[in-house]
Amino acid sequence: MPVRLYNTLTQKIEDFVPATPGKVKLYVCGITTYDLAHAGHGRTYTTFDVLVRFLRARGYTVEHCQNVTDVDDKIVKRAKERGEHPLELSRRMDELAREHLRAIGCLEPTVMPRVSTTIDGIIEFTQALIEKGHAYVAETPLGKDVYYSVRSFPGYGKLSRRNLDELRAGASERLAEGATDVKKDPLDFALWKAVGPDAFGFDSPWGKGRPGWHIECSAMAFKELGEQIDIHGGGMDLVFPHHENEIAQSEARTGKPFARYWMHGGFLEIDSEKMAKSLGNFVTIKDVLEKNDPEAYRYFILGTHYRGPLSFDVTKHPDGRVTFPGLDEAERRMDYLYATRDALVALAGDIEPGMPNILQGQAKIVAEAKEKVLEALDRDLNTPVALSVLAELGKAANEIVSQAAKMKKDPAKYEAVRKLAASAVRALADACAPLGLMQASSEDYWARTKERRLRLRGLDAATIDAKVAERSEARKAKDFSRADAIRKELTDLGVEIFDAGETSTWKIGI
RNA sequence: GGUGCGGUAGCCAAGUGGUUAGGCAACGGUUUGCAAAACCGUCAUACACGGGUUCGAAUCCCGUCCGCACCUCCA
């Protein structure tokens with residue numbers, strides 16, 4: 001079955017066929033770097049990260065271009081407030097965003113162009129549009145602006161299904177509020193805006209100014225990927241006007257279809273409202289990472305189809321603690337997956353994987369897991385179904401481990417079940433790979449979660465170790481009431497105890 | 001008003017004409033000194049509402065209701 005993706009342009013799920021067989025050119029609109037990246041950004045970039053990992057797992061070579069908007073009015077404004085150079089503020093925020101996205105498992109895009117280093121391309125693109133009659137220069141008190149003439153492009157509105165007359169009604173009202181009317185049509189949008197001689201800007205044939213928001217993406221995609229790309233992605237809020245304008249610019253210049261497929265991710269919501277910087281209801285990725293494991297966040301995101309809304313719940317406890325219940329639940333699932341893998345590895349040791357004729361129900365699940373995950377992703381990135389495959393595999397794996405304990409007396413059987421366990425380890429890795437899950441070593445995963453959970457609960461490991469040791473002594477002496485009392489005490493602190501024979505281990509609950 | 005995205009069992013969430021999605025919670029069982037974890041079972045003939053098409057509809061058609069977003073900067 002081919003890869004199928006929903007295309008906003010046609011409103012249909014279509015077979016994915018890139019322009020060049022085996023090669024995918026992907027452009028994803030990046031972040032405007034004036035503040036920390038929030039959990040909604042994280043959702044979008046995680047979605048496209050899974051798309052990239054998945055397409056690669058399906059054998060495609062993916063060129064993933066994600067821009068950095070480092071020249072923008074918001075950046076200039078924020079920088080001014082802080083007495084910082086705009087590009088310096090942007091560089092700092094970009095570094096943090098990269099760090100946070102890397103932490104949640106997003107692979108570095110192949111290319112990351114910046115506005116500030118693409119000014120030549122933007123100017124060239126703007127000039128081309130002027131020459132072709134799609135853009136015009138307008139005089140303003142600050143100098144010369146360049147606007148795109150929306151009426152010059154017949155296909156305007158085809159992505160967002162809007163027609164110019166309906167749009168004009170809204171735009172005229174806004175203009176009435178005292179804006180200077182230098183545009184020929186209220187819907188025309190800026191390609192280049194003049195700034196005063198003292199403001200942050202770049203020299204151009206039209207004087208000092210800054211590029212408009214939409215032209216930069218057209219120019220960067222053109223420069224890095226060429227005239228036509230396979231997939232263009234971003235959040236749903238970019239459909240209009242940003243992506244509509246990109247189409248108008250790029251197709252007016254080249255005369256060719258810009259992107260074959262347009263993909264848009266749904267919103268992350270808090271209290272049923274879109275999480276947004278402008279609404280002030282956002283939780284940053286940094287906030288998330290302080291409370292939960294990065295893979296728990298990814299698991300949480302993948303639990304809902306990328307086009308639907310995803311509710312990010314925040315619970316404020318009576319004691320003042322703030323938690324994210326959805327992420328907590330996801331983190332328990334990650335604990336489960338890592339614990340499952342640990343048990344498999346402990347059983348398999350370094351035996352070679354194989355598919356012996358044993359535990360056939362489980363063996364079938366192990367054999368099919370990888371392909372089932374890929375098949376789920378074939379269907380417009382159905383990550384919830386992919387996670388259900390992981391759940392099925394986890395169950396089978398744990399069953400293999402518990403059945404193995406009963407086979408120890410029969411060396412031939414035991415070796416066979418160990419081979420199956422080794423296959424399950426491989427299957428788990430293969431099934432997780434396109435999702436970007438279970439990327440840590442067990443050692444790292446348990447260490448980082450332990451450290452974080454101890455910190456959140458204000459506990460320290462040495463105290464717990466001492467209590468657990470004391471309890472072990474009590475158990476050895478068959479003083480079970482003493483042992484149970486200590487366990488109760490620890491449980492109340494959020495510490496879970498696991499007895500295995502005479503020894504006990506512990507972990508902090510989520 | 002226009003354009004989209006949603007409304008599925010206690011909760012989260014797949015499915016888009018007939019065949020067990022999955023997870024969480026709860027309860028019962030196997031296991032355990034007792035637990036926990038793990039596994040098995042139950043909850044589950046649920047699909048916003050009203051009509052219609054069909055042998056058969058959560059799924060298609062018509063009409064409503066509700067939530068959210070975009071139409072100005074937004075992933």
Side-chain angles (χ1 to χ4, degrees), chain A residues 8 11 13 28-32 34 37-48 69 72-74 157 159-163 165-167 169-171 173-175 177 179 187 189 213 233-242 244 264-269 271-279 282 299-300 303-305 307-311 313 325-326 328-330 332-333 335-336 339-340 343 376 379 382-392 394-403 405 475 478-481 483-484 487-488 491 496-501 504-507 509:
Chain A
T8 307
Q11 291 184 300
I13 294 176
V28 179
C29 287
I31 299 180
T32 299
Y34 70 98
H38 62 64
H41 294 118
R43 183 188 187 195
T44 296
Y45 299 115
T46 297
T47 295
F48 287 102
T69 298
D72 173 90
D73 289 353
K74 282 186 178 173
L159 180 69
S160 56
R161 266 150 251 279
R162 283 153 216 260
N163 72 62
D165 297 323
E166 279 162 8
L167 285 167
E173 278 168 31
R174 284 194 300 279
L175 197 76
E177 289 161 21
L187 290 170
F189 57 89
W213 178 41
M236 244 165 36
D237 44 0
L238 299 186
V239 174
F240 188 89
H242 188 54
E244 195 68 63
H264 294 99
F267 296 125
L268 193 63
E269 300 180 339
D271 296 329
S272 295
E273 281 190 334
K274 172 186 164 190
M275 180 183 287
K277 289 177 190 172
S278 53
L279 291 173
F282 63 94
Y299 191 99
F300 169 75
T304 299
H305 184 80
R307 284 191 284 117
L310 171 55
S311 176
D313 293 318
D328 287 345
E329 187 183 322
R332 286 183 206 106
R333 295 301 296 165
D335 276 12
Y336 169 83
T340 299
R379 293 180 295 158
N382 197 327
T383 53
V385 168
L387 292 188
S388 78
V389 176
L390 289 190
E392 202 178 33
K395 273 190 184 180
N398 281 303
E399 186 60 14
I400 288 166
V401 171
S402 56
Q403 289 299 320
R475 286 180 70 229
K478 305 275 184 209
D479 183 356
F480 292 119
S481 63
D484 290 350
R487 180 168 63 200
K488 172 82 167 63
T491 304
E496 294 163 8
I497 308 272
F498 313 96
D499 293 338
S504 301
T505 55
W506 59 271
K507 75 172 196 184

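Side-chain atoms are counted along with the backbone in the values below, which use heavy atoms only and exclude waters and symmetry mates. Being a predicted model, the structure only gives us computed values, none of them experimental. Every chain is numbered from 1, with letters handed out A, B, ... down the list of sequences.
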Practice prompt. Give A/Arg162 one of three labels, base, sugar-phosphate or nothing, depending on what nucleic acid heavy atoms sit under 4.0 Å from its own.
Written response: base

Practice prompt. Identify whether any heavy atom of A/Asp484 sits under 4.0 Å from a base atom; if not, whether one sits that close to sugar-phosphate; answer base, sugar-phosphate or nothing.
Written response: base

Worksheet item: So what does A/Gly233 hit on the nucleic acid, given a heavy-atom distance under 4.0 Å: a base, only sugar-phosphate, or nothing?
Response: nothing

Practice prompt. Return yes if a side-chain donor-acceptor contact under 3.5 Å exists between A/Ser160 and A/Glu244, otherwise no.
Written response: yes

Discussion item. Taking the P atom in each of B/G51 and B/G67, what is the distance between them to the nearest angstrom?
Written reply: 23 Å

Worksheet entry | Closest nucleotide among B/C39, B/A75, B/C24 to the A/Thr32 side chain | B/A75

Worksheet item: So what does A/Gly266 touch, heavy atoms closer than 4.0 Å: a base, only the sugar-phosphate, or nothing?
Response: base

Discussion item. Distance check needed: B/C73 C1' versus A/Asp237 CG, whole Å only.
Written reply: 10 Å

Worksheet item: Nearest 0.5 Å, what's the OG1-CZ distance between A/Thr340 and A/Arg333?
Response: 8.0 Å

Item to complete: For B/A14 versus B/C24, give the span between their C1' atoms, rounded off to a whole number of Å.
Response: 15 Å

Worksheet item: For A/Tyr336 and B/C39, is the shortest distance between a side-chain N/O and OP1 or OP2 below 4.0 Å?
Response: yes

Practice prompt. Examine the base of B/A75 for any acceptor or donor lying under 3.5 Å from a partner atom in the side chain of A/Arg43, and report the outcome as yes or no.
Written response: no

Item to complete: Using the C1' atom as the reference point in each nucleotide, state the distance between B/U8 and B/G1 in Å, no decimals.
Response: 31 Å

Worksheet item: Does B/U64 have a Watson-Crick or wobble partner in any strand here, with both distances under 3.5 angstrom, and which is it?
Response: B/A48

Item to complete: Check whether any side-chain N or O of A/Arg487 sits under 4.0 Å from OP1 or OP2 of B/C34, and answer yes or no.
Response: no

Item to complete: Please work out if A/His264 contacts a base, only the sugar-phosphate, or nothing of the nucleic acid, heavy-atom cut-off 4.0 Å.
Response: nothing

Fill in: Strand partner of B/C71, provided both Watson-Crick or wobble distances fall under 3.5 Å
B/G1

Worksheet item: Between A/Leu268 and A/Phe282, does a side chain to side chain contact (heavy atoms under 4.5 Å, CB included) hold up when you go through it step by step?
Response: CA-CA 10 Å; A/Leu268 193 63; A/Phe282 63 94; over 6 Å; no

Worksheet entry | Touch class at under 4.0 angstrom, heavy-atom based, for A/Leu238 against every strand present | sugar-phosphate

Worksheet item: When you check the gap from the basic side-chain N to the acidic O, do A/Arg332 and A/Asp335 get nearer than 4.0 Å?
Response: no

Discussion item. Using a 4.0 Å heavy-atom cut-off, does A/Asp73 contact any base of the nucleic acid, only the sugar-phosphate backbone, or nothing at all?
Written reply: nothing

Worksheet item: Which whole number of Å gives the distance between the P atom of B/G7 and that of B/A48?
Response: 8 Å

Worksheet entry | Distance, C1' atom - from B/A9 to B/G4, rounded to whole angstrom | 28 Å

Fill in: A/Arg307 side chain, from C-beta outward: closest of B/A21, B/G33, B/G6
B/G6

Worksheet item: With sugar-phosphate meaning primed atoms plus P, OP1 and OP2, does A/Glu392 contact a base, only sugar-phosphate, or nothing at under 4.0 Å between heavy atoms?
Response: nothing

Discussion item. A/Leu387 vs A/Glu392, test: side chain to side chain contact (heavy atoms under 4.5 Å, CB included). Steps then yes/no.
Written reply: CA-CA 9 Å; A/Leu387 292 188; A/Glu392 202 178 33; over 6 Å; no

Practice prompt. Determine the Euclidean distance between corresponding P atoms of B/C39 and B/A13; express it in Å to zero decimal places.
Written response: 24 Å

Practice prompt. If B/C34 has a Watson-Crick or G-U wobble mate with both distances under 3.5 Å, name it; if not, just say none.
Written response: none

Worksheet item: So what does A/Gln403 touch, heavy atoms closer than 4.0 Å: a base, only the sugar-phosphate, or nothing?
Response: nothing

Item to complete: Determine the contact category for A/Lys395: base if any of its heavy atoms lies under 4.0 Å from a base atom, sugar-phosphate if only primed atoms, P, OP1 or OP2 are that close, otherwise nothing.
Response: sugar-phosphate

Discussion item. Students often get this wrong, so: under 4.0 angstrom with heavy atoms, is A/Gly303 touching a base, only sugar-phosphate, or nothing?
Written reply: sugar-phosphate

Worksheet item: Base, sugar-phosphate, or nothing for A/Glu496, non-hydrogen atoms under 4.0 angstrom?
Response: nothing

Item to complete: Return yes if the base of B/C24 and the side-chain atoms of A/Arg332 contain a donor-acceptor N/O pair under 3.5 Å, otherwise no.
Response: no

Item to complete: May I ask you to verify if any side-chain N or O of A/Lys488 is less than 4.0 angstrom from the OP1 or OP2 atom of B/A35?
Response: no

Practice prompt. Quote, to the nearest angstrom, the C1' distance that separates B/C12 from B/A44.
Written response: 16 Å

Practice prompt. Look at all strands and tell whether A/Phe498 reaches a base, only sugar-phosphate, or nothing, counting heavy atoms closer than 4.0 Å.
Written response: base

Practice prompt. Start with the C-alpha distance between A/Phe267 and A/Met275, add both sets of side-chain angles, then the distance that settles side chain to side chain contact (heavy atoms under 4.5 Å, CB included), and finish with yes or no.
Written response: CA-CA 7 Å; A/Phe267 296 125; A/Met275 180 183 287; over 6 Å; no

Item to complete: Kindly point out which of B/A21, B/A69, B/A75 is positioned nearest to the side chain of A/Tyr45?
Response: B/A75

Practice prompt. Please give the nucleotide sitting opposite B/C27 as a Watson-Crick or G-U wobble pair, both distances under 3.5 Å, or none.
Written response: B/G41

Worksheet item: Going by modelled atom types, is there a donor-acceptor pair between the base of B/C73 and the side chain of A/Asp72 at under 3.5 Å?
Response: no

Worksheet item: Counting only Watson-Crick or G-U wobble pairs whose two distances fall under 3.5 Å, which nucleotide matches B/U53?
Response: none

Worksheet item: Do the side-chain N or O atoms of A/Asn382 get closer than 4.0 angstrom to the phosphate oxygens (OP1, OP2) of B/A14?
Response: no

Worksheet item: Whom does B/G17 pair with, Watson-Crick or G-U wobble, provided both distances fall under 3.5 Å?
Response: none

Worksheet item: With a 3.5 Å cut-off and just heavy-atom distances, do the side chain of A/Lys274 and the base of B/C68 make a donor-acceptor pair?
Response: no

Worksheet entry | Cationic tip of A/Arg475 above A/Phe480 ring, under 6.0 Å, 45° of axis | no

Worksheet item: When we call it a touch if two heavy atoms are under 4.0 Å apart, what does A/Phe48 touch: a base, just sugar-phosphate, or nothing?
Response: nothing

Item to complete: Can you measure from OG1 (A/Thr8) to CZ (A/Arg307) and round to the nearest 0.5 angstrom?
Response: 8.0 Å

